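Following: one structure in structure tokens, then a few remarks.
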2 protein chains.
Amino acid sequence: MPINKKINRLLQYRSVLLRLQDLGFGTVFSYTLGKEVGVTAEQVRKDFSKFGIKGNKKGGYNINELIHTLGDIFHKDHLHKVILIGIGNIGTAILNYKGFRENMIEIVAGFDIDPVKYKKKYTVPVYPMEKIDEVINEYGVKTAIIAVPGIAAQEVCNRLTNAGINSILNISPAVLKVPPGVIIQNIQIGNALESLIYQTINLDE
Amino acid sequence: MPINKKINRLLQYRSVLLRLQDLGFGTVFSYTLGKEVGVTAEQVRKDFSKFGIKGNKKGGYNINELIHTLGDIFHKDHLHKVILIGIGNIGTAILNYKGFRENMIEIVAGFDIDPVKYKKKYTVPVYPMEKIDEVINEYGVKTAIIAVPGIAAQEVCNRLTNAGINSILNISPAVLKVPPGVIIQNIQIGNALESLIYQTINLDE
DNA sequence: TAGATTGTTAATCGATTAACAATC
DNA sequence: TAGATTGTTAATCGATTAACAATC
């Protein structure tokens, strides 16, 4: 149930490594990698150790190998198909985000209740809600992003889980109830901002 | 450095309590509140205990009192002023989000490099980047939201910290470096989605 | 009263950090 | 070689869970 911090760190290592690779570096030390991500070198080595990732004593880690191994762990050998419900401002931002494809994630379709959206030109087709089941079956989609207003989120969520979706990224402010077995991850900007403001006020802690 | 889970839970309790209050409930048990938020009753009581919040043996917690106490903890007696940099799709979604005002957060101004945005009618004025320092000083703003593309985020971040901002909500995909003392909270949708997909693939764990 | 619920102390669990041997 | 870095084991820390007395 607790969102796996280790997984998040590994993903961050990977994204830093891709940047370092781009810059032409061949190897990296745990210390450097940790500094980039904001964790200690021990943390980096420990994380790698858990996944059987080996470096070279004194020589650090080979960046190409490391990216390859992390790619295996995250199954970056094929595209992961995702659907997006709600093509409002946030939904559109997500549709336009280039970073997904680079990381082997593909949004295969968008859905919205507003017919205007079906005609507009997006990078992927946008359909009415009624077509959700069809698309899920056709593409074998397992993961969905909910970007509708809070008030509509639970209904959309039910529809998705009924259609066989087993993991949901919820970007609406609603707290969603899902059947057992369905994984849900919430991104609540309002909550994050309130938490940040609290920390700002109580800087001493 | 680790984002305070306890604070996040307290904020979630508060939001559930506001809903329950709206529905006309007068009291709530730790068990009920926990269920709504997805934690155990013990967790709820422990969290409350840490902040000196008292309930009634057998009678549960008085919702009005609880909301009031949580309001004190989070300083909900006055508006918290925030600025928003980047009025693209995500930025516009944030500008339009009604939930901030309800929770005593006010976005006092937006900023963008695109002059078209200055003329458009938003709920708050949108200015060129050059006006950031002026607005920060005028309103005494301490917290900023960065919603610009990843490539521009670090530069914006530097500008903000130089201008005296001490906490940043970063919604860009960039990993930002900030001077010591500045609190940064990242919301990375791409990362969250990758993490979710990993969990979906490895459902056994 | 009996049963239900709170509030707190103790036990457990997991994650992070420290220490250090291995070795390139 | 000496110094630097990895990889792992042990120690610490903090958060969660369990247990249970208090009591309404």
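Only a predicted model underlies this, so the values are computations on that prediction, with no experimental measurement involved. Excluded from the calculations below are hydrogen atoms, water molecules and symmetry mates; all remaining heavy atoms, backbone and side chain alike, are included. So you know, we letter chains A, B, ... as the sequences are listed, proteins then strands, and number each from 1.
Contact check, A:Lys54 against D:dT8: a side-chain N or O comes under 4.0 Å of OP1 or OP2. Of the side-chain N and O atoms in A:Ser30, one or more sit less than 4.0 angstrom from OP1 or OP2 of D:dT6. Residue A:Ser49 has a polar side-chain atom (N or O) positioned under 4.0 Å from OP1 or OP2 of D:dT8. Residue B:Arg9 has a polar side-chain atom (N or O) positioned under 4.0 Å from OP1 or OP2 of D:dT16. Contact between the side-chain N/O atoms of A:Arg45 and the OP1/OP2 oxygens of D:dT6 is found at a separation under 4.0 Å.
One atom, NZ of B:Lys5, and another, P of C:dC13, lie 17 Å apart when rounded to the nearest Å. Between the C1' atom of C:dG7 and the NZ atom of B:Lys57 lies a distance of 6 Å, rounded to the nearest Å. Residue A:Leu66 contributes atom CG, which lies 17 Å from atom P of D:dT5 at whole-angstrom precision. D:dG7 atom P lies 13 Å from atom CG of A:Asp47, rounded to whole Å. Counting to the nearest Å, the C1' atom of D:dT5 and the CG atom of A:Asn56 are 10 Å from each other. Computed from coordinates, the A:Asn62 CG to D:dT6 C1' distance equals 15 Å when rounded to whole Å. Atom-to-atom, NZ of B:Lys50 to C1' of D:dT16 comes out at 10 Å; the value is rounded to the nearest Å. Rounded to an integer number of Å, the gap from B:Asn8 CG to D:dT16 P is 11 Å.
Summarising the base pairing, C:dC24 is matched to D:dG3 through a Watson-Crick or G-U wobble pair whose two defining distances lie under 3.5 Å. For D:dT12, the paired base is C:dA15 (Watson-Crick or G-U wobble, both distances below 3.5 Å).
For the ring-ring contact (aromatic ring centres under 6.0 Å, His included) test with B:Tyr61, the passing option among B:Phe48, B:Phe29, B:Tyr13 is B:Phe48; the others fail.
Salt-bridge annotation for A:Lys131 and A:Glu138: absent, with no side-chain N of the basic residue lying under 4.0 Å from a carboxylate O of the acidic one. Taking 4.0 Å as the cut-off between side-chain N and carboxylate O, A:Glu102 and A:Lys76 do not count as a salt-bridged pair.
Counting non-hydrogen atoms under 4.0 angstrom, A:Gly55 reaches the backbone sugars and phosphates but no base. Residue contacts for B:Phe48: at a heavy-atom cut-off of 4.0 Å it reaches no nucleic acid atom on any strand shown. In this structure, B:Tyr31 reaches neither bases nor backbone, as no heavy-atom distance under 4.0 Å exists between it and the strands shown.
In this model, a side-chain donor or acceptor of A:Lys46 finds a partner on the base of D:dT9 within 3.5 Å.
In this structure the side chain of A:Glu106 never reaches within 4.5 angstrom of the side chain of A:Val124, judged on heavy atoms.
Proximity note for B:Thr40 (side chain, C-beta onward) versus D:dT17, D:dG7, C:dT5: the nearest is D:dT17. Comparing D:dA18, D:dT16, D:dT6 against the side chain of B:Gln43 picks out D:dT16 as the nearest. Taking every side-chain heavy atom of B:Glu42 into account, D:dA18 is the closest of D:dG7, D:dA18, C:dT16.
Between atom CD1 of residue A:Ile85 and atom CG of residue A:Leu160 there is a gap of 5.0 Å, rounded to the nearest 0.5 Å.
Ring pair B:His78/B:His75 is perpendicular by interplanar angle, where above 60° counts as perpendicular and below 30° as parallel.
Sequence order on DNA chain D of the closest nucleotides to A:Lys58 and A:Phe29 puts A:Lys58 first from the 5' end.
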